[in-house]
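Shown next, in structure tokens, is the structure this report addresses.
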There are 4 protein chains.
Amino acid sequence: MDHTDVKTLFDANIDNSSLSIKQQSVLKASLILFAEKGYENTSTQDIAKLAGCAEGTVFKHFKTKDALLKAVLDPFVNDILPQVIVDFLKDLSGQPEEHFAVLLRYAVRDRIKYIMENRQEMRIFIQEIVKNPSMLEGLTSRLVLVIETSVNQVFSCYQARGELVDWDAMRIIRTISGVLLGYLIPNIVMSSKPLDVDETTNEIVEFLLQGLVPAEARDEAETR
Amino acid sequence: MDHTDVKTLFDANIDNSSLSIKQQSVLKASLILFAEKGYENTSTQDIAKLAGCAEGTVFKHFKTKDALLKAVLDPFVNDILPQVIVDFLKDLSGQPEEHFAVLLRYAVRDRIKYIMENRQEMRIFIQEIVKNPSMLEGLTSRLVLVIETSVNQVFSCYQARGELVDWDAMRIIRTISGVLLGYLIPNIVMSSKPLDVDETTNEIVEFLLQGLVPAEARDEAETR
Amino acid sequence: MDHTDVKTLFDANIDNSSLSIKQQSVLKASLILFAEKGYENTSTQDIAKLAGCAEGTVFKHFKTKDALLKAVLDPFVNDILPQVIVDFLKDLSGQPEEHFAVLLRYAVRDRIKYIMENRQEMRIFIQEIVKNPSMLEGLTSRLVLVIETSVNQVFSCYQARGELVDWDAMRIIRTISGVLLGYLIPNIVMSSKPLDVDETTNEIVEFLLQGLVPAEARDEAETR
Amino acid sequence: MDHTDVKTLFDANIDNSSLSIKQQSVLKASLILFAEKGYENTSTQDIAKLAGCAEGTVFKHFKTKDALLKAVLDPFVNDILPQVIVDFLKDLSGQPEEHFAVLLRYAVRDRIKYIMENRQEMRIFIQEIVKNPSMLEGLTSRLVLVIETSVNQVFSCYQARGELVDWDAMRIIRTISGVLLGYLIPNIVMSSKPLDVDETTNEIVEFLLQGLVPAEARDEAETR
DNA sequence: AATGAATGAGGGTTCATTCAT
DNA sequence: CATGAATGAACCCTCATTCAT
């Protein structure tokens, strides 16, 4: 059930690119300021000041302020976020001999941890989606495809064993992610204390299991 | 269980104020554009153009672009949203002879309907919260107060009858609103088709009941 | 030596014109605000507010903000100020049997009193002159004419009696008004306490006499 | 009696600051236009046009139009003007073996020359004082301090020698500056020909001596 | 006559972006 | 590569002025 822990977005950026130190600090400054004040309320002068460089330097590598936003979000949106979700599904389907409940707990915990580690990117991502929902279209359609082609059969395995409610895969995924988002978004958005991972996992999983696992299987799991 | 249906925010605005027709159209245009493009990406010139008036007119009544945002959101934040929650609680506490499940369904349905009727305000509200979470502080602290003082006893009544899981009131509320938000926010934000109220209510309530109502009571309710 | 005391400008305006009460209060408000904040920093809205009328009313009688300024200043510049100066010269030339020193004291005192009574108009006048000196041209050329034609002979009378220094009339007038302005302008401009008339008169006259009255005549006057 | 001639304000600005050429021309243009049309009647676009740069450039160094005014006036108000007055007093106290009359002539001449060299700054300064007299408060209080602490004894030396009228120092200073202002302000404000320095000095000094120097000492000086 | 909503030109200011150094 | 002065379009807002009521 092991898979490489997803690195935080920023480190990923640093590794993958051949940016100079100055450019890296520009990227880091953008991340911080976009998350804190929003894209439109962050001036390139602000970025330069926080990055400790001249305004011109901001534009040397990233031709445009918008390109800077893309540089911050694109790996998140195009690479990391999908990967996270794919991993999530892999978690859920990985070890058929395990109970669904166990897998769910693992997968949920992993996702919460990941999201908490990338709260800033998430904040920016949410801000942008709220303003421009079409950003999501590409992402969701890809996910729908993945879910419909590959998850169906995985879930039906658990459903056959009576460990998973007899809904279609999309509704199950929608429910899980809905509850997850309902818990996490308020926390991400209100930048207060960053949520205790274990506690939240417990609360969410406990609740999800009520709705997703038929009573008999649940009893069995609990007496285990 | 009847109580006056909350009017949509915008109509409420129109009714309550003595704004001229032009000023009303300014407000309406702001609502549309803020929801569509976001506050910072909407210029006062855009608003004037859509409202069919001169730019100066925008500022005649609303001294500031920011005041315009407040004029759009304030009733939502200060009056209507809390009222919604109070109504919600009134629903839950009003008819003790009813099963919790019935009340929950009614309350959830009402709230979904209300939010769907004010999707634009919601969009703007969400955008602003994401950018400036401190906006929420006043609101949440007020709500916490209401919940802690008045909801506890209401819930304990149902809990005594075995119709409600034995959590503290805050966790129950958090769960309900979490699931609600998890369903609604994605829909509001992605301005696609506006969610079928009945269908969504069913799906949410069905799921919530699994987690909130002990199995025995649930069985009883279903055989009714 | 008596002549009707010059009324304050504002009362003069009221008397001479057939303005409605509202229009009079517009004029009064303009006077106050122009003097206090300057012409350009006073908006017609400010004027309307202080006058207790609608913005449109300000323009009903005075077609233009500039016309309002003219309405405030014109009587001062065209009628009253010249009249004051003519009176001043009349004072100086009125009673040949009197000593020049006595006349000077009376004339100076009268002018100080008048200017103190019209400090607001003076403030506005000074502000406008400073910005647009060409305003003065018409005024000064008229005064030069008056002085050269009528004052010369008056002064030469005193000069013949040895009571007045043997300068040409222009220089004498220039000196008197220079010293007067040097004392009064700073006080008018710095709106502090409005200068004690008697004390200031004494100080100015005493000093002027040193320079304008030959020593012998001065001694004689003092032993009187 | 020599002391370094005070440079004109503008050159001083150029020397002391590390402004780019464009910024210097912005400052120069502001000086010209503020003096010519007044602060409020000068738009930043006017300044840019005269300075030969874009409007944004005006704000690159001087964050605000008001800051531009301060940049023009501050050295005048805070450094140069006080220095001029201190120098003036130094002149008067510098050479006790000289007659007061000689010193006065030198000092007056120097001040007239200086003010004529900075007519534009003076015009702006006067305009601002007229609109906002509180600007002067700091300046005058500082000057009063200097005069009261250091000038008294200087003057009393001349007074002991019978070369200076027996007034308190403040009144003497007030008289001198009053007469100076009475002569100079009208000329500065009416931007006509810039006053012949020697002629004006003669006229002012001659007149001042009448009032400030007792007759005996005066006779002596004249027969010298 | 008086009103005040409406106007639109113009104001100061910000900002992403460019380019000579 | 990095700089930061320069740019000018666009922004929010003010204001004198008009006009239907």
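Each chain gets a letter, A, B and so on, in the order the sequences are listed, and its residues count up from 1. Note that this is a predicted model, so its numbers are computed, not measured.
- The span of DNA chain E lying next to chain D, judged by atoms under 4.0 Å from heavy atoms, is bounded 5' to 3' by E:dG11 to E:dT14.
- Judged by distance alone, with hydrogens and angles left aside, the side-chain atoms of C:Thr64 form no donor-acceptor pair with the main-chain N or O of C:Ala67 at under 3.5 Å.
- Side-chain atoms of D:Lys22 lie closest to F:dT7 of the nucleotides F:dT7, F:dG4, F:dA16.
- C:Leu69 has its CG atom 14 Å from the C1' atom of F:dA16, to the nearest Å.
- When the side-chain nitrogen and oxygen atoms of C:Thr44 are compared with OP1 and OP2 of F:dA16, one or more of them lie within a distance under 4.0 Å.
- Look at CD on C:Gln45: it is 13 Å from C1' on F:dC13, rounded to the nearest Å.
- A salt bridge does not link B:Glu55 to B:Lys49: none of the charged nitrogens lies less than 4.0 Å from a carboxylate oxygen.
- D:Lys65 places a side-chain N or O within donor-acceptor distance of the main-chain N or O of D:Thr42, the cut-off being under 3.5 Å.
- Residue C:Gln23 is in sugar-phosphate contact alone, with no base atom involved, counting any heavy-atom pair closer than 4.0 Å across all strands shown.
- Taking atom CZ of residue B:Phe62 and atom P of nucleotide F:dC12, one finds them 16 Å apart after rounding to whole Å.
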Worked verdict on C:Phe125 versus C:Ile129 for side chain to side chain contact (heavy atoms under 4.5 Å, CB included) = CA-CA 6 Å; C:Phe125 186 51; C:Ile129 285 172; 3.2 Å; yes
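- Nucleic acid contact for B:Ser43: sugar-phosphate only, since backbone atoms but no base atoms lie under 4.0 Å from a heavy atom of the residue.
- Protein atom NZ of B:Lys49 is 11 Å distant from nucleotide atom P of F:dA10, rounded to whole Å.
- D:Lys60 comes within 4.0 angstrom of a nucleotide base, judged by non-hydrogen atoms across all strands.
- Protein atom NZ of C:Lys37 is 13 Å distant from nucleotide atom P of F:dT14, rounded to whole Å.
- Under the 6.0 Å distance and 45° angle rule, A:Lys70 does not count as a cation-pi partner of A:Phe62.
- The residue among B:Ala54 and C:Ala54 whose nearest nucleotide of DNA chain E is located toward the 5' end is C:Ala54.
- Projected onto DNA chain F by closest heavy-atom contact, A:Gly52 and C:Asp66 fall at different nucleotides, the more 5' of which corresponds to A:Gly52.
- Using modelled atom types and a 3.5 Å distance limit, the side chains of B:Asn132 and B:Ser134 yield a donor-acceptor pair.
- Side chain of A:Asp46 to main chain of A:Ser43: a donor-acceptor pair is present (N/O by atom type, distance under 3.5 Å, no hydrogens or angles).
- Between D:Thr57 and B:Gly56, it is B:Gly56 whose nearest contact on DNA chain E lies nearer the 5' terminus.
- A heavy-atom distance below 4.5 Å is not found between the side chains of C:Ser30 and C:Leu69.
- Taking a cutoff of 4.0 Å between a charged side-chain nitrogen and a carboxylate oxygen, D:Glu40 and C:Lys131 do not qualify as a salt bridge.
- Two residues, A:Cys53 and B:Lys65, neighbour DNA chain F, and the one matched to the more 5' nucleotide by heavy-atom proximity is A:Cys53.
- A stem is defined here as three or more consecutive Watson-Crick or G-U pairs, each with both distances under 3.5 Å; for DNA chain E these stems are E:2-21 with F:2-21.
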